Participant: 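Before I ask anything, here is the structure I am working with.
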Amino acid sequence: MGATEPVVERESDENEGREENVEKEEEEEEEEDEEVKDLEKGEVGIDEKVFESNNINNMNNHIINNNNTNHNQSDVQLSRLQRLNPSNPLRIVLNASTRVATPSPSQFSQASTVPRSTPTPQQSLITLNSRKYTDKISLFLFLLHMVVAVGLVCFLLFKGVQGLIQASDSVQRKEKRVLKYLLPQVEAASLLSITLAFLWQKAVREWPRFMVPFILWSTFIVSLAAGILLICFQKPPTDGLGVCFLFFAIGNGLYACWVTRRLRFCTEVLNKALEPVSKFPDLNQPTYWMLGAGFMWMSLWIFAVIGALNFYFTPLIIILLVLSLAWTAEVMRNVANLTVSRVIALYYLRGMQSNTQFCFQRALTKNLGSACLGSLFVPTIEALRIVARALNLLEGEDEFMFSCAHCCLNVMESIFRYGNGWAYVQIAAYGKGFVRASQDTWELFKRQEMEAIVDSDMTSAICFLTGVCSGCICVIVVAAWTSSVHQNFTATISLLAFFIGYLMTRISMALPHACVSCYYACYAENPDNRLFDKTIKDQLNLMKADRDVVVPTPRVPRRFRAT
């Protein structure tokens with residue numbers, strides 16, 4: 001008995017010392033963990049939630065209670081716990097950010113052996129925020145053109161004021177007559193055109209099913225009325241302009257009859273494509289900004305045209321001003337197109353609620369070069385598309401004419417591959433250049449066998465006819481006004497009014513056009529997206545089964561097709 005009692009006392013002393021050491025070590029580790037948390041919160045700025053594991057507490061209690069029986073096991077467990085964080089043994093710090101995972105019992109034995117790896121981000125998410133400027137050469141040319149245009153407009157304004165103040169009496173009388181009988185009508189045409197632009201866009205967004213056939217036939221009626229009115233003035237300039245309107249009205253009527261079978265599908269696509277617009281209340285703001293900027297620039301441009309009458313080479317100067325205004329207005333339209341395309345495309349492809357203002361800034365900076373380049377190519381492509389359809393409808397025995405048609409259509413096919421209006425969707429979404437975006441988009445259409453549907457789409461034609469309808473309304477109002485005050489200016493003012501009304505309405509119609517383009521292009525990229533219904537798929541099935549008659553843009557004239 002006397003030999004064993006000192007041993008018990010020494011063992012109890014040792015156990016008490018070990019327990020005190022364990023408690024000290026736990027307190028030191030808790031203090032270190034608090035310092036680490038303070039450091040992480042101060043430097044990283046991430047609020048994290050520390051999840052305490054019951055398994056760790058149970059293991060600690062088990063180790064402390066069984067120190068008397070198994071010293072080796074307790075040393076192993078303590079050494080293992082010292083290597084881990086007492087609050088969360090699986091906390092991993094990656095790239096100055098903290099990731100927290102809830103531990104499980106099986107992970108304790110693997111915590112020191114499992115290699116740490118960082119997740120690789122998806123490439124598609126990186127390309128959505130590309131910071132490269134696209135098509136820098138065309139951007140430079142457009143900015144240089146704007147500098148020259150602004151300088152020319154300011155110079156012509158100066159010449160106009162100088163002519164009113166310092167010129168001879170005959171020149172002063174001429175300019176005063178122009179200001180009195182030309183300026184009010186043209187400014188009235190500008191106000192009327194911007195009003196019509198707002199009304200057309202609102203009507204198309206609210207009643208797409210009704211507006212498609214209404215635009216087709218109202219353009220026919222209004223252009224026919226404008227042509228008849230101009231011919232009634234019995235002046236050679238107005239007669240020539242009136243005949244042009246009559247020919248256009250006849251062609252428009254034939255086109256309206258030809259596309260009657262496609263109206264149902266066109267209205268369905270337009271109605272479906274405009275559905276996401278309600279989710280973005282400020283989506284119209286970029287279009288309104290472009291309309292306001294276009295109205296201000298056109299007002300200065302009108303004064304510059306008047307000033308050109310008091311300068312050398314007046315016809316050449318006016319032609320250059322017209323071309324400059326056409327390019328500038330088309331760029332404004334495509335900036336609005338890119339803004340809407342990015343918002344809608346990211347909604348379809350990623351389900352994102354994008355900031356419209358950020359997308360607008362991106363369209364004005366990063367993607368402005370592509371808008372400038374596309375503004376030169378796309379109108380030419382659309383004109384070739386109309387020519388191709390007209391050539392395909394011709395019949396005859398002249399082999400030379402059809403050989404030329406075959407060559408022309410091959411050229412058009414190449415142009416469609418390297419430059420088309422559908423490219424704006426991928427330009428806006430991924431920051432691609434115009435040519436590459438055109439190629440990639442067309443490849444997507446070919447992969448999904450959608451070329452026939454895309455070629456037969458009427459959205460571009462509807463937007464074009466809307467602009468023509470606004471222009472004809474401006475012509476009717478301005479021509480009737482001018483004929484009563486100064487009939488000699490009727491043809492000139494009518495042409496200017498049509499030009500201004502067309503351009504302003506085209507800018508406003510960028511929103512529905514961009515929505516339809518995103519609907520087609522995003523469907524071609526991901527047909528299984530839950531945001532798309534079976535509209536396009538059912539139409540493809542009908543076309544493959546020859547149960548639906550669609551007249552696409554032909555690639556080979558009928559005389560050269562294999563039977």
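By convention here, the first residue in the shown sequence is residue 1. Since the model is a prediction, treat every value here as computed from it, not as a measurement.
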Participant: Would you say the ring centroid of W207 lies under 6.0 angstrom from that of F214?
Facilitator: no
Participant: Do W200 and S508 get their side chains close enough for a donor-acceptor pair, meaning under 3.5 Å?
Facilitator: no
Participant: Provide the closest heavy-atom pair for G253 versus W217 in the form atom of the first, atom of the second, distance.
Facilitator: O-CH2, 4.2 Å
Participant: Measure the CD-CG distance between Q361 and N355 for me, rounded to the nearest 0.5 Å.
Facilitator: 8.0 Å
Participant: Answer whether the closest heavy-atom distance between the side chains of Y347 and R342 falls below 4.5 Å.
Facilitator: no
Participant: Between G369 and S138, which heavy-atom pair has the shortest distance, and what is it?
Facilitator: O-OG, 2.7 Å
Participant: Do V269 and F265 have side-chain heavy atoms sitting under 4.5 Å apart?
Facilitator: yes
Participant: Between Q448 and E525, do the side chains contain an N or O donor and an N or O acceptor separated by less than 3.5 Å?
Facilitator: no
Participant: For R447 and E443: C-alpha separation, side-chain torsions, deciding distance, then whether salt bridge (Lys or Arg N to Asp or Glu O under 4.0 Å) applies.
Facilitator: CA-CA 6 Å; R447 187 183 309 165; E443 287 298 323; over 6 Å; no
Participant: So do the side chains of T328 and H145 get within less than 4.5 Å of each other, counting heavy atoms only?
Facilitator: yes
Participant: Would you say the side-chain atoms of S370 and D135 include a donor-acceptor pair closer than 3.5 Å?
Facilitator: yes
Participant: Please examine the side chains of V259 and M458, heavy atoms only from C-beta on, and report whether any two atoms are closer than 4.5 Å.
Facilitator: yes
Participant: Which atom pair, heavy atoms only, marks the closest approach of A479 to S494?
Facilitator: CB-OG, 3.5 Å
Participant: Can a side-chain donor-acceptor contact be found between Y424 and N334 if the only test is distance below 3.5 angstrom?
Facilitator: yes
Participant: I need the minimum non-hydrogen distance between E187 and S299, along with the two atoms involved.
Facilitator: OE1-OG, 3.8 Å
Participant: Give a yes or no on this: more than 12 heavy atoms of other residues, nucleotides or ligands lie within 6.0 Å of atom CH2 of W289.
Facilitator: no
Participant: Could you walk me through whether F498 and F245 pass ring pair (Phe, Tyr, Trp, His ring centres under 6.0 Å), step by step?
Facilitator: CA-CA 11 Å; F498 175 81; F245 279 106; 5.5 Å; yes
Participant: With rounding to the nearest 0.5 angstrom, report the OG1 to CZ distance, T466 to F464.
Facilitator: 10.5 Å
Participant: Under the ring pair (Phe, Tyr, Trp, His ring centres under 6.0 Å) rule, collect the residues that match up with Y348, sequence neighbours excluded.
Facilitator: F532
Participant: If you round to the nearest 0.5 Å, how far is OG of S193 from CZ of F198?
Facilitator: 10.0 Å
Participant: So which atom in L224 and which in L246 form the shortest heavy-atom distance, rounded to 0.1 Å?
Facilitator: CD1-CD2, 3.4 Å
Participant: Angle class for the W301/F499 ring planes (parallel below 30°, perpendicular above 60°, tilted otherwise)?
Facilitator: tilted
Participant: Can you say whether the rings of F445 and W442 are parallel (under 30°), tilted (30 to 60°) or perpendicular (over 60°)?
Facilitator: perpendicular
Participant: Would you check if the side chain of S341 reaches a backbone N or O of N337 as a donor-acceptor pair within less than 3.5 Å?
Facilitator: yes
Participant: Salt-bridge test for K272 and E268: reply yes if a basic N is under 4.0 Å from a carboxylate O, no otherwise.
Facilitator: no
Participant: Is K235 salt-bridged to D239, going by a charged N under 4.0 Å from an acidic O?
Facilitator: no
Participant: Atom CD1 in I344, atom OG1 in T339: separation rounded to 0.5 Å?
Facilitator: 11.5 Å
Participant: Would you check if the distance from the ring center of Y255 to the ring center of F220 is below 6.0 Å?
Facilitator: no
Participant: Hey, is CD1 on I137 packed in by over 12 heavy atoms from elsewhere, all under 6.0 Å?
Facilitator: no
Participant: Heavy atoms, side chains only, cut-off 4.5 Å: are F377 and Y418 in contact?
Facilitator: no
Participant: Testing the basics here: between L157 and A304, what is the closest heavy-atom pair and its distance to 0.1 Å?
Facilitator: CD2-N, 4.0 Å
Participant: Ignoring hydrogens and geometry beyond distance, is a side-chain donor-acceptor pair present between S460 and H513 at under 3.5 Å?
Facilitator: no
